[in-house]
Amino acid sequence: MPELPEVETTRRGIAPHCEHQVIARVIVRDGRLRWPVPDNLPALIEGATITEVDRRAKYLLIRVSGTAATGTLIVHLGMSGSLRVITDASEPLIHDHIELWLQNGVRLRFNDPRRFGCWLWSETPDSHRLLASLGPEPLAPEFNGALLYRLSRGKQTPVKSFIMDNRIVVGAGNIYANEALFKAGIHPRRAAGRISLSRYHRLAEAIKETLSAAILMGGTTLRDFVNSDGKPGYFAQSLLVYGRGGEPCRECGKALKEIRMNQRTTVYCGHCQR
DNA sequence: ACAGAGACCTGCTGGC
DNA sequence: TGCCAGCAGGTCTCTG
């Protein structure tokens with residue numbers, strides 16, 4: 001379930017429990033994630049202090065400062081990962097791959113059935129290959145319609161692929177790309193280079209609105225999630241098109257269409273989106 | 001340089 | 001009831 005709002009919700013949930021805490025113990029039960037978890041990770045960060053939990057795109061950046069090393073844990077939740085705060089001593093379950101035990105008794109527990117996530121270590125994260133060429137954050141002022149317009153000139157690629165490209169803007173995952181295109185009234189297959197500036201203004205606003213609304217709703221489930229367990233479904237009720245193929249468009253009532261683009265389910269209204 | 005497909009994994013659902 | 005194909009919120013990497 002990790003799209004950008006989920007990752008931000010996770011960041012806000014774990015930060016107060018981890019920041020300024022000493023890492024007492026690191027347990028890697030299964031380090032076979034998207035890339036292998038570094039073997040020396042426990043040696044590097046045990047005894048060190050977590051100074052801050054940041055986010056860039058869908059990466060959580062856990063800043064660590066210690067005598068052995070000072071650097072950043074680059075954590076991605078992949079398709080199925082979750083990071084939870086455990087305050088009791090409950091036994092780990094299947095797919096609980098990594099745990100950080102903090103000196104305040106809290107355990108940070110990483111679960112990821114599909115193992116598409118990652119835990120990497122970098123002392124120079126700004127220039128790390130995963131982070132170096134990312135586009136702007138969608139909620140930052142520098143992301144706007146003018147930017148989309150400028151970067152899209154001459155591009156034949158469908159606008160949905162264009163806004164899901166992390167070099168253009170980060171955080172527009174499949175769900176939110178579908179939602180934002182519907183809100184902006186733009187057909188997902190339209191060539192990115194053939195969309196006007198004013199329509200890109202609408203699209204940029206739609207991306208910002210959709211993501212910030214979801215972050216707000218994620219915030220409401222923060223408590224559940226901290227106490228473990230945390231399964232939302234919270235934003236699902238307000239989805240306009242995603243998961244609603246064949247059902248009536250909330251604007252015009254015509255049946256929503258469902259197609260595959262780049263192996264991803266794409267839902268749109270053939271009447272409202274041009 | 002670009003666009004699209006393949007790859008990485010496990011778990012769940014729906015159709016036969 | 002049981003089995004299997006197909007699909008799932010991501011994104012790097014390869015191919016043409």
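Chain letters run A, B, ... following the sequence lines, proteins first, then strands; residues in each count from 1.
Salt-bridge annotation for A/R29 and A/D96: absent, with no side-chain N of the basic residue lying under 4.0 Å from a carboxylate O of the acidic one. Looking at A/E8 and A/R11, a side-chain N of the basic residue comes within less than 4.0 Å of a carboxylate O on the acidic one, giving a salt bridge. Taking the charged nitrogens against the carboxylate oxygens, A/R55 and A/E137 do have a contact shorter than 4.0 Å, which makes a salt bridge.
When the P atom is used for both C/dC14 and B/dC9, the distance is 15 Å, rounded to whole Å. Comparing the P positions of B/dG6 and C/dG6 gives an interatomic distance of 14 Å, to the nearest angstrom.
Distance alone, capped at 3.5 Å, is enough to place a donor-acceptor pair between the A/Q273 side chain and the A/C269 backbone.
Within a 6.0 Å sphere centred on CZ of A/R167, other residues, nucleotides and ligands contribute 12 heavy atoms or fewer. In the displayed structure, A/D39 atom CG is contacted under 6.0 Å by at most 12 heavy atoms of other residues, nucleotides or ligands. For A/R244, the CZ atom sits in a packed shell: over 12 heavy atoms of surrounding residues, nucleotides or ligands are nearer than 6.0 Å.
Taking atom CZ of A/F162 as the reference point, atom P of B/dC2 lies 11 Å away to the nearest angstrom. Atoms CG (A/L60) and C1' (C/dG10) sit 14 Å apart, rounded to a whole Å. Rounded to a whole Å, the CE atom of A/M79 is 16 Å from the P atom of B/dA7. As a whole-Å value, the separation of A/F116 CZ from B/dT10 C1' is 8 Å. At whole-Å resolution of the value, CG in A/L77 and P in B/dC9 are 18 Å apart. Rounded to a whole Å, the CD atom of A/Q156 is 18 Å from the P atom of B/dA1. C/dG10 atom P lies 7 Å from atom CD1 of A/I175, rounded to whole Å. The distance between atom CD1 of A/I163 and atom P of B/dA3, rounded to the nearest whole Å, is 15 Å.
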Take A/N144 and A/K208, measure what side chain to side chain donor-acceptor pair (under 3.5 Å) needs, and give me the verdict at the end. CA-CA 9 Å; A/N144 54 42; A/K208 288 173 190 279; over 6 Å; no

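Residues from residues 142-150 of chain A with heavy atoms under 4.0 angstrom of DNA chain C: there are none.
Between B/dT10 and A/R115, a contact under 4.0 Å exists linking OP1 or OP2 to a side-chain N or O. Side-chain N/O atoms of A/T157 include one lying less than 4.0 angstrom from OP1 or OP2 on B/dG4.
Each of A/K155 and A/Q263 lies near DNA chain B, and the nucleotide nearest A/K155 is the one positioned closer to the 5' end. Taking the nucleotide of DNA chain B with the nearest heavy atom to each of A/R167 and A/M261, the more 5' of the two is matched to A/R167.
A/V37 and A/I74 fall into different hydrophobic clusters, defined by Ile, Leu, Val, Met, Phe, Trp and Tyr side-chain heavy atoms under 4.5 Å apart, directly or through other members.
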If a protein heavy atom is under 4.0 Å from the base, mark B; if only from the sugar-phosphate, S; if neither, -; do that for nucleotides 11-16 of chain C going 5' to 3'. BBS---

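Rounding to the nearest 0.5 Å gives a distance of 12.0 Å between CG of A/D112 and CZ of A/R32. Atom-to-atom distance recorded for A/F143:CZ and A/L148:CG is 4.0 Å, nearest 0.5 angstrom. Note: A/E46 CD to A/I27 CD1 = 8.5 Å, rounded to the nearest 0.5 Å.
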Using the 3.5 Å cut-off, write out each protein N or O paired with an N or O of nucleotides 11-16 of chain B and the distance between them.
unit_1 : atom_1 : unit_2 : atom_2 : d
B/dG11 : OP1    : A/H95  : NE2    : 2.6

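Base pairing of B/dC9 is not made with any nucleotide, judged by Watson-Crick or G-U wobble geometry with both donor-acceptor distances under 3.5 Å.
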